[in-house]
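These notes are about the structure you will find just below.
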Protein chains: 2
Amino acid sequence: MNLLSLRSHNAALVLDLLRTAGGEGISRLELAERTGLTPQAVSKITARLREDGLAAEAGRRASTGGKPRTVLRLVPEAGHAVGVHLDRDELRVVRVDLLGAVRGERRAALDLGAGSEAVLAAVRQAVARVLPVQRDEVPRQGLSGLDPSLLGVGVALPGPLDHGRGVLHRVTGFPEWDGFPLREALAERLGVPVVVDKDTNAAALGLAAGGERGSFAYLHLGTGLGAGLVIGGSVHRGARTGAGEFGHQVIQLDGPPCTCGDRGCVEALCLGAVARGDLDQAARVLGAGAANLVGLLDIDVVLLGGRTVAAAPDAFVGGVGAVLEARARRTGQDAVPVRVTAGGDGAVAVGAAQLVLGPVFGRGGG
Amino acid sequence: MNLLSLRSHNAALVLDLLRTAGGEGISRLELAERTGLTPQAVSKITARLREDGLAAEAGRRASTGGKPRTVLRLVPEAGHAVGVHLDRDELRVVRVDLLGAVRGERRAALDLGAGSEAVLAAVRQAVARVLPVQRDEVPRQGLSGLDPSLLGVGVALPGPLDHGRGVLHRVTGFPEWDGFPLREALAERLGVPVVVDKDTNAAALGLAAGGERGSFAYLHLGTGLGAGLVIGGSVHRGARTGAGEFGHQVIQLDGPPCTCGDRGCVEALCLGAVARGDLDQAARVLGAGAANLVGLLDIDVVLLGGRTVAAAPDAFVGGVGAVLEARARRTGQDAVPVRVTAGGDGAVAVGAAQLVLGPVFGRGGG
DNA sequence: CCACTTTCGCAACGCTGTTGCCAAAGTGCA
DNA sequence: TGCACTTTGGCAACAGCGTTGCGAAAGTGG
């Protein structure tokens, strides 16, 4: 760690507090208290941020007997990021500002099986259309000319992949994507930095950026069952960035066969119960998996999402909550709360954009 | 982050590399490469460390055409830490130097149910006896007078506890310890900093300090079944420092009852199979739990330990390995390796000492 | 109107890691 | 043996970080 990285570290610290404060803003002295830096250091840092156009003064607080505190806020328009949600049959693209607010959105039908060229072209077109300056012609080289404040593009899609290198593995049902270097291919075509991640990780990251503190697990129950783990404010991806394989956790040895080839996976049991219309059993099974996860990682809260959960939120929150409460009674501790996520269908795309915004605020490894 | 913490951060970085190099030592230029700092910065930092007596020059490498590199090494005697392993029927205390090498050891029978006063007195006596200057009389106030380079005492014991506050929860079989502020009580009696943690976490920390890189899970199979998780080089303890409850992971819904009150826990199934003499089934069950953990966290390696494993290492490594290999075939990735830990019975006490040494080398939040 | 409080920037400062430079200590060839 | 060359690593000067001392600005309250 040298002086340059110290400087950007502290700048990111301040920027993150400005982001968390949102529209309300935050005073210099409060920044100093929260960061542990001296007020004078905060003054210098915020002066630089104001010069760069990232922060601005926005009114002042009421006086407490002396000069009133000047409120600073993030300038949301100083930077933008694009989030792309590649689903099996749909493409969803959003543009967000530094605060994470959606500034543009676009949806299109998509066939993931139509070949890489067609998919990449569709993504390129949708991303170009969502940028503030829209032209009929999409420029040949690079999108940064369209919007100089575009920080990059985050892409979220189902299935296992290598987040570090940006290479896909076997996307269920689409074997032709195995080994495809999506990040490289898109970065070349778009001319801006690209980050690739699993859809569940993007959703979890979106929740973390949206104000969910600490450590939590986001369990997504839709056509499959997956999880995004946030530990200490950042997404846990594991050694080969394959963490979060919640659905193929075995909770019934020698149980019914699963599509993955194993037996007794939570996903098989849960989806089976849903198919039979037995939501209570589905929730109980999901709760058993969640309880295992809570015991292993000791997280703060369990968040549920996905179409199946959204269709019957009370049944799932109640069922999963009951299992966790029973566990808490046995261990003598408070039960881990269960909630349904508020975000709608666009949550994954918004979270994908946070893959790009995160490093600006000191989250994620660069 | 200010300049003072920057300084200690970089010093810890260099110290950790010196520690890892062990007796072989490491040159200034190599330190510069590994830390990313300039050679001149490393020269300044190592000069300070040498002034403080923490580092020393130790010979030189062969020349590669110019002035040969001077080798630096950690001075192991510059600091000491004591590790205490409180087990149900035994007390084990070790003193280690900065390199983690055992410099003194002491064992004694112990009855955890004999009351807090008796246990604390036994610990105090054993710790005093393991210090380099041994006296017949144990001093009344503080042990730091006996050894000024004593950095602190780490205590490891079974069962759930609050690592942050150093307070015990329900130790299985000894309800009288519930809520006891062990860290505070011991720190007052010993006059040095005390850190308290679960035995499985201490064992895992010892393995991490012993050269195990990256992320791994240590599964301990003895009278119970627990886990210590190391993620990215540091122990994962979770929000309420209760993480690692591996044994009460449910892998068979509505299975046989467990001592915890739930049904189908890995611990119940595994210990049951061991009791029946069916080691293959025990290993298979353990493997199923390990596979769940690998999928959730995507760790680098699974390490097995504990008396039951040590009694039949091949059966457990083979059985757990087979389950993980089957999982790898399904996902199309390399299997996560399984190994038995080398450390013997004293591993937990040595790991407990690392609770104190860790912060010196920039590990752990203290 | 004035004393007082609080905020916050300018200037000087101490300390960080960095750069420029050179002495020290080897190797290798004539 | 002598000289050119390479490599290491410390001294000195430096740029830049956060900190301290201090004063101007902008309020409140009597």
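Below, chain A is the first sequence line, B the second, and so on; all start at residue 1.
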With distance as the sole test, does [X] use its side chain to make a donor-acceptor pair with the main-chain N or O of [Y] at under 3.5 Å?
X         : Y         : answer
Lys198(A) : Thr241(A) : no
Ser215(A) : Gly232(A) : yes
Thr70(A)  : Arg28(A)  : no

Check: Considering heavy-atom distances to DNA chain C, does Lys44(A) or Glu57(A) have its closest nucleotide positioned more toward the 5' end?
Finding: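 Comparing both residues, the 5'-ward one is Glu57(A).
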
Next item on the list: Run through Leu205(A), Asn201(A), Val194(A) and flag the one making a side chain to side chain contact (heavy atoms under 4.5 Å, CB included) with Leu355(A).
Entry: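 Filter result, single survivor: Leu205(A).
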
Note to self: Applying salt bridge (Lys or Arg N to Asp or Glu O under 4.0 Å) as the test, list every pair that has at least one member in residues 64-79 of chain A; sequence neighbours left out.
What the structure shows: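 Salt bridge (Lys or Arg N to Asp or Glu O under 4.0 Å) check on residues 64-79 of chain A returns Glu77(A)-Arg103(A).
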
How many Å lie between [atom1] on [X] and [atom2] on [N], as a whole number?
X        : N       : atom1 : atom2 : result
Arg28(B) : dT7(D)  : CZ    : P     : 18 Å
Arg61(A) : dG27(D) : CZ    : P     : 16 Å
Leu3(B)  : dT20(D) : CG    : C1'   : 13 Å
Ile45(B) : dG9(D)  : CD1   : P     : 15 Å
Glu30(B) : dT7(D)  : CD    : C1'   : 15 Å
Met1(A)  : dC17(D) : CE    : P     : 14 Å
Arg69(A) : dA26(D) : CZ    : P     : 18 Å
Asn2(A)  : dG18(D) : CG    : P     : 13 Å

What's the closest nucleotide to the side chain of [X] if the choices are [options]?
X        : options                  : answer
Leu29(A) : dG9(C), dG9(D), dT7(C)   : dT7(C)
Leu37(B) : dT8(D), dT18(C), dG10(D) : dT18(C)
Arg48(A) : dG9(D), dT19(D), dC17(D) : dC17(D)

Checklist line | Which atom of Arg95(A) lies closest to which atom of Pro132(A), heavy atoms considered | finding: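 Shortest heavy-atom separation between Arg95(A) and Pro132(A) comes out as NE-CD, 3.5 Å.
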
Next item on the list: Indicate yes or no: does Arg363(B) engage Asp16(B) in a salt bridge with an N to O separation below 4.0 Å.
Entry: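 Salt bridge present between Arg363(B) and Asp16(B).
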
Beyond-backbone contact of [X] with [Y], side-chain heavy atoms, under 4.5 angstrom:
X         : Y         : value
Leu18(A)  : Leu49(A)  : yes
Val196(B) : Val167(B) : no
Val75(A)  : Leu98(A)  : no

Residues 37-47 of chain A side chain polar contacts: donor-acceptor under 3.5 Å, at least two apart:
{"unit_1": "Thr38(A)", "atom_1": "OG1", "unit_2": "Ala41(A)", "atom_2": "N", "d": "3.3"}
{"unit_1": "Thr46(A)", "atom_1": "OG1", "unit_2": "Val42(A)", "atom_2": "O", "d": "2.8"}
{"unit_1": "Thr46(A)", "atom_1": "OG1", "unit_2": "Ser43(A)", "atom_2": "O", "d": "3.0"}

Next item on the list: Give, ordered by number, those residues of residues 5-18 of chain A having at least one heavy-atom distance below 4.0 Å to an atom of DNA chain D; if nothing qualifies, reply none.
Entry: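 Per residue number, the list reads Arg7(A), Asn10(A).
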
Item checked: Partner residues of Leu13(B) under the side chain to side chain contact (heavy atoms under 4.5 Å, CB included) criterion, sequence neighbours left out -> His9(B), Asn10(B), Thr35(B)

Next item on the list: Indicate for each nucleotide in nucleotides 19-30 of chain C, in 5' to 3' sequence, whether protein heavy atoms under 4.0 Å reach the base (B), only the sugar-phosphate (S), or nothing (-).
Entry: B----BBBS---

Check: If an axis is fit to five pairs at each end of the helix from dC1(C)-dG30(D) to dA30(C)-dT1(D), what is the angle between the two, to the nearest 10°?
Finding: 10°

Check: What is the nucleic acid contact for Ser27(B), judged by heavy atoms within less than 4.0 Å: base, sugar-phosphate only, or nothing?
Finding: nothing

